[in-house]
Asker: 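Below you'll find the structure I mean.
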Amino acid sequence: MAQKPSIPKGTRDFSPQEMLRRKYIFNTIERVFQKYGFLPLETPAMENLETLTGKYGEEGDRLIFKILKRGADLDRAVQEGSKSLAAEALRYDLTVPFARYVVQNQHEITFPFKRYQIQPVWRADRPQKGRYREFYQCDADVIGSKSLLNEVDLVLLIVEVFQALNLNVKIMVNNRKALFGFAQYLGVEDRAVEFITKLDKQDKIGDRIFDELLDEEFPASAVEKARMILSESILGDYESRVGRFDYLMELFVQNTNDLGREGLQEVRFVLDSIKPHLPRTGPGLTTEFNIALARGLDYYTGAIFEVKALEGSLQSSICGGGRYDDLTGIFGLKNMSGVGISFGADRIYDVLLETGKFPAELGGSTKLLFANFGEAEAMHCLRLLRTVREAGIPAELYPDAVKMAKQFKYADDKGIPYVAIIGENELKQGIVTVKDMKSGEQKAVEQDALIDLLR
RNA sequence: GUGGUUGUAGCUCAGUUGGUUAGAGCGCCGGAUUGUGGUUCCGGAGGUCGCCGGUUCAAGCCCGGUCUACCACCCCA
């Protein structure tokens with residue numbers, strides 16, 4: 001019995017039309033990556049399980065797709081009642097495999113090492129709009145340099161990508177040191193990560209985060225202090241809330257909170273440095289400090305970035321990143337700071353589609369279709385076809401001598417702009433009739449003039 | 001991983017308190033037009049009503065399970 005064809009939850013097929021649009025995104029991002037001096041890298045779809053576990057926090061570990069052992073290994077693991085029925089797993093992101101690669105190849109690599117990587121990743125998440133179980137990340141990382149100029153360059157890269165994609169975005173910048181400093185100031189440094197994660201939700205649930213902090217038994221005095229500094233109802237709208245930078249800086253200086261002060265200084269350096277280089281034209285763009293930006297991944301230690309679209313209904317981030325000081329340490333390479341960003345191509349696709357921002361002429365490659373009138377005519381077309389192709393014009397010959405309506409419909413469906421007609425008459429006269437599919441006009445020219453007409 | 005909503009033609013959706021042969025628009029195929037698509041007119045094909053089970057004389061409709069998409073958590077690109 002035939003089974004109903006289907007694909008796993010959270011995965012998708014991409015039709016030719018969708019692929020043309022996806023490639024437009026990938027090509028745009030890749031072009032900018034290369035322009036900024038990043039070199040391509042690919043790593044395997046699967047890694048050893050132990051390479052991935054423990055790098056993404058407790059929640060992250062749960063979402064790793066594990067690969068079941070096979071054959072005798074599996075039998076043994078089951079028999080022994082072992083908990084490790086998997087020894088390998090699909091990659092969860094591109095950053096950890098990159099860190100693994102750097103450590104493994106440290107003697108061959110010239111530092112600072114700038115690589116980009118555009119590959120799918122897998123997460124055993126429950127799918128939703130804009131959340132897939134298989135999706136592409138487009139990463140660019142610089143490892144082996146502590147300079148904040150890398151942060152600056154990456155923010156400018158982000159700006160350039162979204163300018164090229166003609167999308168309005170908000171780029172938010174924060175710093176883990178500022179966040180930990182803030183936690184210190186509140187006296188909750190022992191639960192700093194938990195606190196910071198909660199802070200990150202303010203964008204979404206607003207002042208209810210303070211209630212949730214109390215629910216989770218953070219000291220009331222600390223929560224009240226946080227409320228005085230962050231509360232939307234006290235500070236008003238979002239714009240004045242992000243203007244808290246100076247206030248926080250003063251607070252950290254007064255309390256000789258060096259960590260927090262250092263974090264804010266870094267933020268200021270990055271934002272001040274990019275300012276003169278932001279484009280004056282093109283799509284709308286905001287870059288701003290946001291103390292309530294935290295990001296979930298455990299390994300960030302310095303700057304953190306997040307980008308959200310200002311158009312369309314997707315509220316989740318379409319690009320994110322940050323600095324990690326010790327990602328390679330766990331693989332045995334100390335003192336190797338890195339900073340990177342990751343574009344979510346699938347989400348960018350969803351936003352561009354919804355907002356109608358894809359360029360109109362992403363049609364297929366074929367520029368000219370030769371209509372097929374039968375064997376003799378087709379053989380003649382074959383010669384012309386070669387000449388046209390040699391001139392660098394993508395062209396094809398309809399393979400069957402079916403009626404014209406069907407052949408023209410084929411050209412129409414495929415978005416082929418020109419159709420060359422060589423029937424009995426044209427063959428006799430040594431000419432070719434070329435139809436412009438968009439205007440509907442057609443004219444007869446000498447066959448030698450065909451290429452010039454198409455240019 | 002927790003809770004919820006959903007599923008009818010390729011697509012978007014109708015379908016009465018459960019009642020005989022499940023409809024529409026768009027798309028698709030054929031014809032009007034044996035050398036012309038996108039517009040027009042005429043005709044046609046296409047459904048195990050997501051899947052499995054239950055209740056009932058009778059289920060697209062009620063009940064249970066399951067899968068999918070989606071929503072809220074969780075987390076994230």
Side-chain angles (χ1 to χ4, degrees), chain A residues 1-12 15 25 29 56-64 91-95 118-139 158 197-198 200-201 203-205 208 212 294-298 300 304-309 313-322 340-351 369 371-374 377 398 401-427 433-442 444:
Chain A
M1 191 170 93
Q3 55 178 331
K4 201 170 193 172
S6 65
I7 55 175
K9 182 192 343 201
T11 66
R12 294 146 304 152
S15 68
I25 295 172
I29 293 172
Y56 308 107
E58 207 175 310
E59 194 63 28
D61 278 0
R62 209 194 69 213
L63 298 176
I64 293 172
R91 71 166 101 76
Y92 177 90
D93 71 357
L94 302 179
T95 308
I118 300 177
Q119 289 191 276
V121 302
W122 293 268
R123 293 183 189 178
D125 208 351
R126 193 180 279 211
Q128 269 181 50
K129 192 182 189 68
R131 309 178 70 157
Y132 306 101
R133 303 179 97 183
E134 178 186 60
F135 61 96
Y136 272 73
Q137 289 192 331
C138 312
D139 275 33
I158 293 172
T197 307
K198 190 63 73 183
D200 197 40
K201 291 177 68 178
D203 247 12
K204 201 169 188 178
I205 66 167
R208 289 208 309 273
E212 292 193 2
R295 298 188 54 75
L297 294 177
D298 280 359
Y300 291 123
I304 44 184
F305 315 110
E306 185 156 299
V307 181
K308 286 185 176 177
S313 58
L314 191 71
Q315 291 305 305
S316 27
S317 69
I318 53 178
C319 177
I341 50 160
S342 177
F343 292 87
D346 303 79
R347 285 182 175 176
I348 293 172
Y349 178 97
D350 289 347
V351 173
L369 174 75
N372 189 327
F373 280 82
E377 291 89 343
Y398 196 89
V402 296
K403 62 182 196 174
M404 280 305 106
K406 197 171 166 76
Q407 301 194 35
F408 275 91
K409 187 162 161 39
Y410 174 82
D412 196 43
D413 287 347
K414 263 186 92 168
I416 299 172
Y418 297 99
V419 176
I421 301 149
I422 302 178
E424 205 180 336
N425 300 336
E426 286 87 353
L427 204 56
T433 301
V434 179
K435 174 160 179 164
D436 180 333
M437 293 298 283
K438 201 170 171 187
S439 67
E441 288 169 15
Q442 60 185 53

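Proteins come first, then strands; the chains are lettered A, B, ... in the order of their sequence lines, and each starts at number 1. Heavy atoms only: backbone and side chains are in, while hydrogens, waters and symmetry mates are out.
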Asker: Taking rG27(B) as the reference, what is the distance to rA22(B) when you measure between their P atoms (whole Å, please)?
Answerer: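 So the two P atoms sit 25 Å from each other.
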Asker: What's A405(A) touching, base or sugar-phosphate or nothing? Going by heavy atoms closer than 4.0 Å.
Answerer: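 The answer is sugar-phosphate, as A405(A) gets under 4.0 Å only of primed atoms, P, OP1 or OP2.
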Asker: Which string of ( ) [ ] | and . matches RNA chain B, if you list each base 5' to 3' and count Watson-Crick or G-U pairs only when both distances are under 3.5 Å?
Answerer: (((((.(..((((.....[...)))).(((((.......))))).....(((((..]....)))))).)))))....
Asker: If I pick the C1' atom on rG46(B) and the same atom on rC29(B), what distance separates them, to the nearest angstrom?
Answerer: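 Here rC29(B) and rG46(B) have their C1' atoms 10 Å from each other.
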Asker: Rounding to the closest angstrom, what is the interatomic distance between rG4(B) and rC67(B) at atom P?
Answerer: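 Roughly 15 Å separates the two P atoms.
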Asker: Roughly how far apart are I118(A) CD1 and I29(A) CD1, rounded to 0.5 Å?
Answerer: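 If I round to the nearest 0.5 Å, the distance is 6.5 Å.
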Asker: Taking the six-membered ring of Y92(A), is NZ or CZ of R123(A) closer than 6.0 Å to its centre and within 45° of its axis?
Answerer: yes
Asker: How far does the P atom of rU21(B) sit from the matching atom of rA58(B), given to the nearest Å?
Answerer: 14 Å
Asker: Check D346(A) with R12(A), please: is the shortest side-chain N to carboxylate O separation under 4.0 Å?
Answerer: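 Here R12(A) pairs with D346(A) in a salt bridge, since their nearest N and O are under 4.0 Å apart.
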Asker: For C319(A), report the nucleic acid contact type (base, sugar-phosphate, nothing); a contact means any heavy atom under 4.0 Å.
Answerer: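 Sugar-phosphate contact only - C319(A) comes under 4.0 Å of backbone atoms but never of a base.
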Asker: Return the 5'-most residue of the pair R62(A), E212(A) with respect to RNA chain B, ranking by each residue's nearest nucleotide.
Answerer: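 Here R62(A) is the residue nearer the 5' end.
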Asker: Base, sugar-phosphate, or nothing for E424(A), non-hydrogen atoms under 4.0 angstrom?
Answerer: base
Asker: What's G10(A) touching, base or sugar-phosphate or nothing? Going by heavy atoms closer than 4.0 Å.
Answerer: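 Sugar-phosphate, backbone atoms only, no base.
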Asker: If the C1' atom of rG10(B) is compared with that of rU36(B), how far apart are they to the nearest Å?
Answerer: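 Here rG10(B) and rU36(B) have their C1' atoms 27 Å from each other.
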Asker: Between F373(A) and rG35(B), do the rings stack, that is, sit under 5.5 Å apart with planes less than 30° off each other?
Answerer: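 Answer is no, no stack.
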Asker: Mind checking if I421(A) touches a base, just sugar-phosphate, or nothing, with heavy atoms under 4.0 Å?
Answerer: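 Since a base atom lies under 4.0 Å of I421(A), the category is base.
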Asker: Establish, with yes or no, whether the OP1 or OP2 oxygen of rC70(B) is under 4.0 angstrom from a side-chain nitrogen or oxygen of K129(A).
Answerer: no
Asker: By nearest heavy atom, map S317(A) and I422(A) onto RNA chain B; which one lands nearer the 5' end?
Answerer: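 Mapping each residue to its closest nucleotide by heavy atoms, the 5'-most match is I422(A).
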Asker: Checking K435(A) against Y418(A): charged group under 6.0 Å from the ring centre and within 45 degrees of the axis?
Answerer: no
Asker: N372(A) vs E377(A), test: side-chain contact (heavy atoms from CB on, under 4.5 Å). Steps then yes/no.
Answerer: CA-CA 7 Å; N372(A) 189 327; E377(A) 291 89 343; 5.9 Å; no
Asker: Taking rC11(B) as the reference, what is the distance to rC62(B) when you measure between their P atoms (whole Å, please)?
Answerer: 23 Å
Asker: To the side chain of R126(A), which of rG4(B), rG35(B), rG37(B) is closest?
Answerer: rG4(B)
Asker: If we take the P atom in both rA9(B) and rU2(B), what is their distance in whole Å?
Answerer: 31 Å
Asker: Please report the distance separating the C1' of rU17(B) from the corresponding atom of rU56(B), rounded so that it comes out in whole Å.
Answerer: 15 Å
Asker: Verify whether one side chain among Y410(A) and K406(A) offers a donor that lies under 3.5 Å from an acceptor in the other.
Answerer: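 Judged by distance alone, the side chains do not pair up.
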Asker: Spell out protein contact along nucleotides 26-34 of chain B as letters: B when the base is contacted, S when just the sugar-phosphate is, - when no protein heavy atom is under 4.0 Å; keep the 5' to 3' order.
Answerer: --SS-S---
Asker: Give a yes/no on whether any side-chain N or O of Q128(A) is located under 4.0 angstrom from OP1 or OP2 of rA69(B).
Answerer: no
